[in-house]
Amino acid sequence: MTTRKTNRNWKPATHLVHSGGERSQFGETSEALYLTQGFVYDSAEAAESRFIGDEEGYIYSRYGNPTVSMFEQRLCALEGAEDALATSSGMGAVTAAIMCQLKAGDHIVAGRALFGSCRWVVEKLAPQYGIESTLVDGTELDAWKAAIRPNTKVFFLESPTNPTLELVDIAAVAELANEADAKLIVDNVFATPLYQKPLELGAHIVVYSATKHIDGQGRCLGGAVLSTKEWISEKMYDFFRHTGPSLSPFNAWVLLKGLETLPVRVAQQTSSALAIANALADNKGIKRVIYPGRDDHPQAELAKRQMAAGSTLVAFEVQNKAQAFSFENALDIVRISNNLGDSKSLVTHPATTTHKNLSADDRHALGITDGLVRLSIGLEDTDDLILDIQQALQVAGV
Ligand SMILES: *Cc1c(COP(=O)(O)O)cnc(C)c1O
């Protein structure tokens with residue numbers, strides 16, 4: 001195999017088409033799909049040296065695979081990370097990144113506004129293994145500071161958060177983590193690797209659900225953990241290799257090709273999201289519109305500092321559940337689904353779906369009211385989307 005050229009000065013779009021590629025002896029234009037579990041060796045001696053580590057090469061696809069490796073390397077080039085491990089889902093990435101570095105007696109501090117399953121891992125799973133956890137209001141720096149204990153080893157946050165699109169000051173939390181000698185993990189799904197660079201802001205580890213914008217067309221689950229070579233090899237690799245959250249080569253190939261179109265898709269989706277947020281803000285019947293790319297976002301200043309654009313999600317609040325349901329049911333183009341980042345625009349009512357397992361008090365603390373609606377903006381024509389949303393608001397009496 002020959003490694004394709006990579007130039008560190010390339011802009012993201014160029015990296016996403018070329019970086020990380022490996023060509024076989026056939027000189028294929030597109031990346032090859034190595035749909036294989038295992039690898040064969042030319043001799044018993046070659047097998048022995050591969051296992052000792054004297055000879056470079058693949059051993060078994062649970063540990064590594066050429067197509068998966070191309071996906072990991074391309075993602076590294078975009079993120080500016082030294083190394084990555086791809087996983088079978090975003091939750092595989094989050095769970096591995098957290099659990100691989102903690103043991104009984106350690107403590108984790110996390111922003112309380114988390115993707116539902118991430119919150120379950122921190123709040124329910126970790127304590128089962130003797131790992132203490134504290135959830136804080138991620139927007140309050142003092143809350144992070146107050147939660148630090150001598151045994152705090154990991155900070156974990158999501159920004160923007162799901163579904164209320166609150167922001168956490170990544171650079172400031174990274175500084176607190178450094179003072180506490182802890183590692184900061186950032187779940188960067190909502191911002192996308194194009195619009196927010198957690199490693200540059202001081203985070204130690206970045207996790208993705210590649211299921212979202214990286215696939216972007218609703219086909220495959222996948223995830224990734226990115227960090228330094230040292231952290232990946234010392235903290236994560238053995239956990240990953242022996243517990244098996246590996247990404248299928250087939251899914252890696254789909255996601256690798258998804259990276260090639262990521263900048264074009266996300267730019268279009270973001271431009272529509274801003275236009276839709278602006279149109280929603282003009283409707284006096286809507287209680288509030290939340291979009292990190294608008295100046296009326298409560299943390300607009302922070303958004304400008306750590307995000308290059310507002311990204312592809314918009315949240316807004318109508319009067320109550322009945323009005324939210326009536327809006328969802330009246331939509332023609334936008335489909336009802338809990339997913340996001342898809343080329344198809346999707347609408348979610350968090351209180352009755354993604355966040356229904358939280359207590360009413362917890363939902364209230366997070367600002368997830370019965371009238372809150374989350375839109376994930378897709379690749380349809382912007383004007384068609386605005387017209388669809390406006391007619392549905394009218395039907396719902398907003
Ligand atoms: C979807 C999502 C996850 C989980 O990813 P899966 O691929 O569904 O396992 C984690 N964090 C965030 C912010 C997400 O949106």
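First listed ligand is number 1; within each ligand, the first listed atom is number 1.
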Is it true that, when you exclude E328 itself, more than 12 heavy atoms of the residues, nucleotides or ligands shown sit nearer than 6.0 Å to its CD? yes
For the aromatic rings, using the six-membered ring if either is Trp, is the centroid distance between F190 and Y195 under 6.0 Å? no
Out of V334, L313, T312, which residue meets the side chain to side chain contact (heavy atoms under 4.5 Å, CB included) rule with L375? V334
Answer yes or no: are there more than 12 heavy-atom neighbours, outside E48 itself, under 6.0 Å from its atom CD? no
Is W231 atom CH2 crowded by more than 12 heavy atoms from other residues, nucleotides or ligands, each under 6.0 Å away? yes
Below 4.0 Å from any atom of ligand 1, which residues have a heavy atom? Give them in chain and number order, please. S89, G90, M91, F115, C118, E158, D187, V189, F190, S209, T211, K212, G222, L340
Ring centre gap for Y291 and H297 strictly below 6.0 Å: no
